[in-house]
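This report refers to the structure that appears directly beneath it.
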There are 2 protein chains.
Amino acid sequence: MGITKTEAFKAADLTLAAYAKALAHPARVAILRILLERSSCICGDIVDELPLSQSTVSQHLKELKEAGLIKGDIDGKKVCYCIDENAWKHAQLLMQKMFASYTSCGTSCC
Amino acid sequence: MGITKTEAFKAADLTLAAYAKALAHPARVAILRILLERSSCICGDIVDELPLSQSTVSQHLKELKEAGLIKGDIDGKKVCYCIDENAWKHAQLLMQKMFASYTSCGTSCC
DNA sequence: TTCTATCATCGTAATATTACAATAAGAAAG
DNA sequence: CTTTCTTATTGTAATATTACGATGATAGAA
């Protein structure tokens with residue numbers, strides 16, 4: 001139905017899935033890489049670096065903001081974007097824990 | 001348009017986004033946790049642990065398989081699922097690199 | 001005020017996702 | 001062969017996502 005049975009899953013799984021969803025589009029990965037590349041905030045010109053229209057980029061930025069991964073502070077005519085440190089480290093921790101919990105399959109079936 | 005401008009993005013971003021997409025639903029995260037919990041493969045009964053119908057679970061398993069994160073080997077009447085070690089470690093590496101490349105914002109704007 | 005630059009939002013169209021019941025496909029049991 | 005058990009696939013409906021042009025909103029320049 002295109003609708004997810006949100007209430008049926010564990011909070012930790014929902015949180016991780018939400019972060020993953022934010023990363024689930026190459027444009028958003030590209031935006032994050034642009035923000036990661038510089039140590040300071042970036043004002044505007046994200047649009048110039050992507051092959052997408054201004055409105056589409058703005059929409060992706062909104063999704064990243066709603067996921068909490070980035071912040072956008074108004075600075076006069078422009079908007080200053082940067083990674084949200086807390087959410088970023090939270091997402092990193094959840095991902096790390098998930099991926100690190102793997103141990104090689106003991107059986108011979110695979 | 002619901003369609004992604006695939007050709008316009010870097011391969012690394014596409015790969016990371018594809019892995020992230022596989023993790024972008026709580027049911028798939030839950031499935032992966034079930035597989036991670038045991039050191040051996042698990043035959044069937046994933047459906048019993050989730051609040052979803054058999055066909056829906058099967059569809060999620062298919063997506064995880066297509067993303068490469070899991071394998072399913074036929075074992076008589078049942079199917080043996082387990083994490084695909086190579087893809088898992090590849091995804092882990094890409095995620096780790098991405099998250100680790102963050103350094104605190106130097107400026108005062110955020 | 002008026003113009004311009006920058007970013008957000010709205011409206012819309014195309015496509016994708018999520019979910020389930022029903023059905024199919026395959027292997028083992030009887 | 002027929003039945004049963006297990007998983008995959010098909011069909012369908014509801015909702016979500018992706019993308020862009022057009023329009024709004026706001027701040028600074030002229």
Side-chain angles (χ1 to χ4, degrees), chain A residues 1-9 13-14 17-31 34-35 41-67 70-82 109-110, chain B residues 1-9 13-14 17-31 34-35 41-67 70-82 109-110:
Chain A
M1 299 164 188
I3 193 168
T4 298
K5 280 193 161 180
T6 304
E7 72 288 352
F9 297 103
D13 291 355
L14 288 168
Y19 284 133
K21 199 171 190 176
L23 301 176
H25 193 288
R28 292 194 287 273
V29 173
I31 289 172
I34 291 171
L35 295 179
C41 291
I42 185 170
C43 291
D45 46 63
I46 296 174
V47 175
D48 302 331
E49 303 202 30
L50 295 176
L52 299 170
S53 74
Q54 182 266 326
S55 61
T56 303
V57 172
S58 186
Q59 203 174 294
H60 282 303
L61 286 165
K62 189 183 178 186
E63 282 174 67
L64 287 169
K65 256 187 277 182
E66 280 170 359
I70 68 170
K71 292 185 295 186
D73 287 328
I74 297 165
D75 175 30
K77 227 192 301 204
K78 297 196 162 194
V79 177
C80 240
Y81 289 107
C82 59
C109 65
C110 50
Chain B
M1 299 166 188
I3 193 168
T4 298
K5 279 194 162 180
T6 305
E7 72 289 352
F9 298 103
D13 290 357
L14 288 168
Y19 284 132
K21 199 172 191 177
L23 301 176
H25 193 287
R28 292 194 288 272
V29 173
I31 290 173
I34 291 171
L35 294 178
C41 291
I42 184 170
C43 292
D45 47 64
I46 296 174
V47 175
D48 303 331
E49 303 203 29
L50 294 177
L52 299 170
S53 74
Q54 183 266 324
S55 60
T56 303
V57 172
S58 185
Q59 202 174 293
H60 282 303
L61 285 166
K62 190 183 178 186
E63 282 174 67
L64 286 170
K65 255 187 279 182
E66 280 170 359
I70 69 171
K71 291 185 295 185
D73 288 328
I74 298 165
D75 174 29
K77 225 191 303 207
K78 298 196 163 191
V79 177
C80 238
Y81 290 107
C82 59
C109 64
C110 49

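Numbers restart at 1 for each chain; the letters A, B, ... are given by sequence-line order, proteins then strands. All heavy atoms count here, side chains included; hydrogens, waters and symmetry mates do not.
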What are the two closest heavy atoms between B/Leu52 and B/Ala27, and how far apart are they? CD1-CB, 3.7 Å
Give, for atom OG1 of A/Thr4 and atom NZ of A/Lys21, the distance between the pair rounded to the nearest 0.5 Å. 6.0 Å
What is the distance from atom CZ of B/Arg28 to atom CG of A/Asp13, rounded to the nearest 0.5 Å? 12.5 Å
Which is more 5' along DNA chain D, the nucleotide nearest B/Gly44 or the one nearest B/Phe9? Just name the residue. B/Gly44
Whole-Å distance between C/dC7 P and A/Ile42 CD1? 10 Å
Between A/Arg28 and B/Val47, who's closer to the 5' end of DNA chain D by nearest nucleotide? B/Val47
Grab the CG-P distance between B/Asp45 and D/dT6 for me, whole Å please. 9 Å
Of the residues in residues 53-64 of chain A, which ones touch DNA chain D at a heavy-atom distance under 4.0 Å? A/Ser53, A/Ser55, A/Thr56, A/Gln59, A/His60, A/Glu63
Are any protein N/O atoms closer than 3.5 Å to N/O atoms in nucleotides 3-5 of chain D? If there are, list each pair with its distance.
none

Rounded distance (Å) that lies between atom C1' of D/dT6 and atom CD1 of B/Ile46: 13 Å
Value for CG (B/Leu23) from CG (B/Leu64), rounded to nearest 0.5 Å, stands at 8.0 Å
Which distance, rounded to the nearest 0.5 Å, do you find between the CG of A/Leu61 and the CG of A/Leu35? 7.5 Å
Check whether any side-chain N or O of A/Lys21 sits under 4.0 Å from OP1 or OP2 of C/dT17, and answer yes or no. no
Please work out which of the three classes, parallel, tilted or perpendicular, describes the rings of B/His60 and B/His25, given edges at 30° and 60°. tilted
Euclidean distance, atom NE2 of residue B/His25 to atom P of C/dA16 [Å, nearest integer]: 18 Å
How close or far is atom P of C/dT17 from atom CG of B/Leu52, stated in whole angstroms? 17 Å
Suppose we screen for side chain to side chain donor-acceptor pair (under 3.5 Å). Which residues come up paired with A/Glu66, at least two apart in sequence or across chains? none
Applying a 4.0 Å non-hydrogen cut-off, can you work out what A/Ile74 is touching in the nucleic acid: base, sugar-phosphate, or nothing? nothing
Under 4.0 Å: is that the gap between some side-chain N or O of A/Tyr81 and OP1 or OP2 of C/dT6? no
For the atom pair OG (A/Ser58) and NZ (A/Lys62), what is the distance rounded to the nearest 0.5 Å? 8.0 Å
Kindly compute the distance separating NZ (B/Lys78) from CG (B/Asp45), expressed to the nearest 0.5 Å. 5.5 Å
